[in-house]
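These notes concern the structure reproduced below.
Below, each value reflects all heavy atoms present in this structure, side chains not excepted, and no hydrogens, waters or symmetry copies. Since the structure is predicted, the reported quantities are computational estimates derived from the model, not experimental observations. All ligand and atom numbering here is 1-based and tracks the order in the structure.
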Amino acid sequence: MRVLVFGSLNADHVYLVDHFLQPGETLSSEDLQFFPGGKGLNQAIALKKSGADVSMAGCVGKDSEALLLGALKETGVDISLVRVSEAPSGHAIIQNTKDGENNILLFGGTNQMIDEAYADEVLTHFQTGDVLILQNEISALPYIMEKAHEKGMDIVLNPSPADEKILKLPLHLVDILILNEVEGEALTGISKDQPESILTSLHETYPQAKIILTLGERGAMCAQGVQTLSCPAFPAKVVDTTAAGDTFTGYFITEIMAEKAVEEALKTASMAASLAVSRKGASVSVPFRDEVEEALKKIIDQGGF
Ligand code: RIB
């Protein structure tokens with residue numbers, strides 16, 4: 001079984017700010033750091049750090065090639081399918097406050113240059129039973145989903161960020177849907193303050209899929225078949241929440257591919273995400289498997305689980 005992340009690569013420009021910029025305000029930031037990011041890249045790195053063998057497909061501009069492909073290569077992600085273009089790369093402007101809050105402004109750049117011909121070329125390398133992991137930061141998503149489904153690949157979708165495009169995706173083709181309450185509200189129209197209702201609604205509409213709803217510090221819930229499971233979040237000193245969801249997704253999918261029980265997968269993924277929020281940056285904040293296992297063991301030894 002092969003695993004493909006077909007997704008975005010962004011150069012993250014992270015500005016440390018006292019508070020989020022207000023309309024009409026000019027604000028001096030206290031620090032600027034550059035990190036490799038993009039939900040696709042972050043999830044590919046999380047999959048690899050959690051122990052999966054993973055290939056990445058996507059398009060990067062020459063301007064950020066060294067930063068982005070360097071990070072993937074260093075972690076051991078297969079980058080042979082990634083395209084390099086003369087056009088500007090995707091990037092993100094991230095405001096990060098001292099209490100760990102962030103907001104993100106995206107520029108799609110080369111992430112929006114994915115076309116059907118490139119998707120066809122990438123998918124020739126995969127077959128029935130292989131796993132495809134997608135987010136909502138690249139072009140041609142509906143086409144990629146349809147072609148992957150025709151091939152018999154298992155489709156994992158993290159419909160993030162939430163925008164009008166996620167309403168047009170062929171969600172009936174998805175095998176595992178991982179989303180947060182904001183994305184849940186966008187898909188169902190149910191308030192993000194009613195996560196149980198969101199989960200029920202998604203489960204009724206897409207009964208073929210395992211649905212995982214992540215709730216930040218309130219943990220995560222999963223609906224599959226007749227079961228609903230939940231897992232609390234592990235306490236963390238929050239420094240930067242960027243890529244917490246990507247870390248969760250990477251770890252959860254690795255555990256499911258290794259045929260672990262969903263409860264186990266939720267627990268491992270939640271612990272990985274809680275370690276990620278205690279560190280700065282996107283993919284650089286994703287913990288390695290031995291760190292996650294050690295942290296879980298500590299909690300178990302303390303009688304926490
Ligand atoms: O999920 C975090 C990511 O969202 C960042 O790395 C940024 O690039 C945006 O894609």
Tell me which protein heavy atom sits closest to [atom], plus the residue, atom name and distance to 0.1 Å.
atom                   : value
atom 5 (C) of ligand 1 : Asp12 OD2, 3.4 Å
atom 9 (C) of ligand 1 : Glu137 OE2, 3.5 Å
atom 2 (C) of ligand 1 : Asp246 OD2, 3.4 Å
atom 3 (C) of ligand 1 : Asn42 ND2, 3.6 Å

Original post:
Any N or O of Asn10 that comes nearer than 3.5 Å to an N or O of ligand 1?
Top reply: yes

Subject >> Check: Leu106 N/O within less than 3.5 Å of ligand 1 N/O >> reply: no

Original post:
Quick one: are Lys168 and Pro142 in side-chain contact, heavy atoms under 4.5 Å?
Top reply: no

Would [X] count as a contact of ligand 1 if the rule is a heavy atom under 4.0 Å away?
X      : answer
Gly245 : no
Leu41  : no
Ser8   : no

Original post:
Roughly how far apart are Glu101 CD and Asn96 CG, rounded to 0.5 Å?
Top reply: 9.5 Å

Original post:
Is it true that Glu181 and Lys192 have a side-chain N and a carboxylate O under 4.0 angstrom from each other?
Top reply: no

What are the atoms of ligand 1, with element, lying closer than 4.0 Å to any heavy atom of [X]?
X      : answer
Ala243 : 2 (C)
Ala282 : 6 (O)
Lys39  : 1 (O), 2 (C), 3 (C), 4 (O), 10 (O)
Ala92  : 7 (C), 8 (O)

Subject >> Given His125, Lys73, Arg2, the one that forms side chain to side chain contact (heavy atoms under 4.5 Å, CB included) with Asp78 >> reply: Arg2

Original post:
Quick check, are the ring centers of Tyr206 and His172 under 6.0 angstrom apart?
Top reply: no

Original post:
Between Tyr118 and Tyr143, does the ring centre distance come in under 6.0 Å?
Top reply: no

Original post:
Given His91, which of Phe35, Phe107, Phe34 fulfils the ring pair (Phe, Tyr, Trp, His ring centres under 6.0 Å) condition?
Top reply: Phe107

Original post:
Is there a donor-acceptor contact under 3.5 Å from the side chain of Glu137 to the main chain of Lys39?
Top reply: yes

Original post:
Side chain of Glu74, backbone of Ala71: donor and acceptor closer than 3.5 Å?
Top reply: no

